[in-house]
Novice: 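Pasting a structure below so you can have a look.
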Amino acid sequence: MSGPLKTTNPLTEQVIDTYPLMSDAEATAVVEASHTAFLDWRLKSLEERAGVIAAIGAELRRSKDDFARLMTDEVGKLLKDSRSEVDLCAAICDYTAKIGPDALADEEREVDSGTAYVTHSPIGVVYGIQPWNFPAYQAVRYSIASLMAGNGVLLKHAEPCTGSGLFLRDLYERAGLPKGLFGVLLISHDQSDRILEDDRIRGVTLTGSDRAGRAVGARAAELVKKTVLELGSNDAYLVFDDADLELAVETCVQGRLYNNGQTCVNAKRFIVTEQNHDAFLKAYAEKFEAIRMGDPSDEATQLGPMVTKKQRDTLHEQVRESIDKGARLVVGGEIPDREGWFYPATVLADVAPGQPAYEDELFGPAAAIIKARDDMDALRIANSSRYGLGGGIFSRDVERARLLAAEYFDTGMVFINTFNVASPAMPFGGVKTSGYGREHGPEGLKEFVNVKSIRIG
């Protein structure tokens, strides 16, 4: 068995805490506790469940400062972003408590004779394997929907934010969630594979790399267990001929650097028509060059450290390989000589097929600028990616942009003249190797339910 889990502050490079791995017996006990609690929770009315979900939202707001500080210490997020993350989690609770009872209510269906109903019954325990970049949101996103549906929930959080996972479990229980219903597993990857095999686990959701998604999805398929996979992307933001360039530049800078550039749905590739390319690149590079790195707790800081040295070094290798294969370094691209796992805001131009900046996901503050002939060529380039989570279009002709987004843009989400991460009311998820299934909205509430037909003669 591998050693204990360890959390480390990316700013100071100092260890925050260590957590011993659970034994197999301890992990199985967490599964059993969730299943046992589920047997009672599934019988609660939708209104009762909604009341507890609403109370969790209120407790998140009461605990915002403490939770935000912990997340910033563990993963290096700007403190203001950590606070906003807790606000988003509370809003998810509010939304779910409001629409959950109606969205999951029994539906009467018209049939030839007799009476027929469709119910949305809970399925059991849902196992979530989650990454470190949004320690609260990633866990809240799937767990609140599953709890509203009447399921039990387990969380295997990423090692860098182990403390945040435990904080959330305790917060849920303070708000009135039955003890054990939401369980946190401090386990290794090998142990996680065994957890997947437990008959009490009825659904699996993973947010992470496409490599991890393939492995977990394949194993779950062998076991005939429902999965939802959100596997990251290299989202393209398209700057059309008629774009408002000032808006496009400002929004694309924010979209690339949000959460220190470590977000699956960050704006990552900027596909700019030939008509606008040079002006966009010049203005974009000037803004990136002025970005202030520093302590994420300082309100003046615009870019904090990356989560781990490994993540920082991987990004740097991708940048260097892209340059070796023909990309042009415009701004940044050098690891600073300072304490903390910092990487500067970096701009690559002349990005082309075969380069990591074109083909792969750069999970950090590095932007890829790609020139397109015209609007439709920009869409062609965007869709050539193996990924398809989100993307954006900048155009003054909003109706045309909406039509192109609906009919041509091969992603799960499109943002027109804006950048956004998530909204409780709007389904979140992707296509191609960005995964499948949806979270948020009424669609997300029904991912892990048994849609059951009942007919009365």
Side-chain angles (χ1 to χ4, degrees), residues 5 19-57 59-60 93 96-97 100-101 104 119-130 138-157 162 164-188 190-206 216 219-220 223-228 445-452:
L5 300 173
Y19 304 86
L21 287 173
M22 292 175 170
S23 66
D24 287 352
E26 288 170 330
T28 299
V30 173
V31 178
E32 175 61 29
S34 182
H35 177 72
T36 300
F38 152 74
L39 295 176
D40 290 329
W41 180 249
R42 64 179 175 164
L43 303 177
K44 301 291 185 185
S45 71
L46 289 164
E47 290 73 20
E48 285 179 283
R49 292 181 215 150
V52 175
I53 298 301
I56 291 172
E59 186 60 33
L60 279 162
C93 294
T96 304
L104 296 169
T119 70
H120 304 95
S121 304
I123 60 171
V125 178
V126 175
Y127 179 35
I129 302 169
Q130 300 300 319
Q138 297 286 11
V140 165
R141 185 169 75 185
Y142 82 95
S143 66
I144 290 297
S146 292
L147 292 168
M148 182 67 231
N151 295 317
V153 177
L154 297 175
L155 169 65
K156 179 189 182 297
H157 225 331
T162 300
S164 291
L166 295 169
F167 187 101
L168 190 66
R169 178 198 64 191
D170 295 345
L171 186 152
Y172 278 10
E173 292 182 359
R174 284 200 306 275
L177 194 72
K179 187 172 179 60
L181 184 64
F182 176 81
V184 174
L185 292 163
L186 307 182
I187 56 177
S188 67
D190 288 343
Q191 288 176 298
S192 181
D193 290 342
R194 294 193 288 274
I195 292 293
L196 279 174
E197 297 169 1
D198 193 303
D199 288 341
R200 292 165 295 193
I201 304 297
R202 295 287 298 275
V204 184
T205 179
L206 176 141
V216 170
R219 186 66 186 121
L223 298 165
V224 198
K225 296 187 180 186
K226 171 70 184 290
T227 52
V228 169
L445 278 173
K446 297 179 181 179
E447 282 286 4
F448 290 108
V449 298
N450 174 8
V451 182
K452 187 186 298 183

Novice: Between Leu445 and Gly100, which heavy-atom pair has the shortest distance, and what is it?
Specialist: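 Minimum heavy-atom separation between Leu445 and Gly100: CD1-CA, 3.9 Å.
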Novice: Can you find a heavy atom in the side chain of Tyr127 that is under 4.5 Å from one in the side chain of Ile195?
Specialist: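 Yes - at least one pair of side-chain heavy atoms lies under 4.5 Å apart.
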Novice: Is the closest side-chain heavy-atom distance between Lys225 and Ile201 below 4.5 Å?
Specialist: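 Side-chain contact under 4.5 Å: yes.
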Novice: Is there side-chain contact between Thr205 and Gln130, with at least one heavy-atom pair below 4.5 Å?
Specialist: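 In short, these two side chains touch, coming nearer than 4.5 Å.
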Novice: Drop me the distance from Ile53's CD1 to Met148's CE, to the nearest 0.5 angstrom.
Specialist: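 Going from CD1 on Ile53 over to CE on Met148, the span is 7.0 Å.
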Novice: Mind checking the OG-CG spacing from Ser121 to Asn151? Nearest 0.5 Å is all I need.
Specialist: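 Spacing of OG (Ser121) from CG (Asn151) equals 10.0 Å.
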Novice: Do the side chain of Gln138 and the main chain of Ile129 share a donor and acceptor less than 3.5 angstrom apart?
Specialist: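 Flag not set: sc Gln138 to bb Ile129 has no pair under 3.5 Å.
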Novice: Nearest 0.5 Å, please: how far is CG in Leu46 from CG in Leu104?
Specialist: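 Separation between the atoms: 5.5 Å.
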Novice: So do Glu197 and Leu223 actually touch side chain to side chain, heavy atoms under 4.5 Å?
Specialist: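 Answer yes - side chains close enough.
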Novice: Assess whether atom NZ of Lys446 is packed by more than 12 heavy atoms of other residues, nucleotides or ligands within 6.0 Å.
Specialist: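 For Lys446, atom NZ is crowded (more than 12 foreign heavy atoms under 6.0 Å).
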Novice: Any side-chain heavy atom of Leu60 within less than 4.5 Å of one from Cys93?
Specialist: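 They are in contact (side-chain heavy atoms under 4.5 Å apart), so the answer is yes.
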Novice: Is any side-chain heavy atom of Trp41 closer than 4.5 Å to a side-chain heavy atom of Val52?
Specialist: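 Trp41 vs Val52: side chains touch.
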Novice: For residues Gln191 and Arg194, is any side-chain donor paired with an opposing acceptor at under 3.5 Å?
Specialist: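 No.
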Novice: Quick one: OG on Ser188 to CG on Leu5, what's the gap to the nearest 0.5 Å?
Specialist: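 One gets 9.0 Å once the value is rounded to the nearest 0.5 Å.
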Novice: Do the side chains of His120 and Val451 get nearer than 4.5 Å, heavy atoms only?
Specialist: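 They are in side-chain contact.
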Novice: Which heavy atom in Thr227 sits nearest to a heavy atom in Ala220, and how many Å separate them?
Specialist: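 Heavy atoms of Thr227 and Ala220 come nearest at CG2-CB, 3.3 Å.
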Novice: What pair of heavy atoms forms the shortest contact from Ser34 to Leu181, and how long is it?
Specialist: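 Result for this residue pair: OG-O, 2.9 Å.
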Novice: Should the pair Arg169 and Tyr172 be classed as cation-pi, given the thresholds of under 6.0 Å to the six-membered ring centre and 45° from the axis?
Specialist: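 No; the conditions do not both hold, so Arg169 does not lie above the ring face of Tyr172.
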Novice: Could you grab the distance from atom CD1 of Ile187 to atom CE of Met22, nearest 0.5 Å is fine?
Specialist: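 The CD1 atom of Ile187 sits 8.0 Å away from the CE atom of Met22.
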Novice: List the atom of Gly124, the atom of Arg202, and the distance in Å for their closest heavy-atom pair.
Specialist: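 Residues Gly124 and Arg202, closest heavy atoms: CA-CG, 4.2 Å.
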Novice: Mind listing the closest non-hydrogen atom pair of Val184 and Gly165 along with its distance?
Specialist: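 Here Val184 and Gly165 meet closest at CG2-O, 3.5 Å.
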Novice: Can you tell if the side chain of Thr28 reaches within under 4.5 Å of the side chain of Arg200, non-hydrogen atoms only?
Specialist: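 Of all side-chain heavy-atom pairs linking Arg200 with Thr28, at least one is under 4.5 Å.
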Novice: I need the Tyr142 OH to Ile144 CD1 distance, nearest 0.5 Å.
Specialist: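 It comes to 10.5 Å.
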Novice: For Val449 and Ala149, which heavy atoms make the closest approach, and how far apart are they?
Specialist: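 Closest approach of Val449 to Ala149, heavy atoms only: CG1-CB, 3.6 Å.
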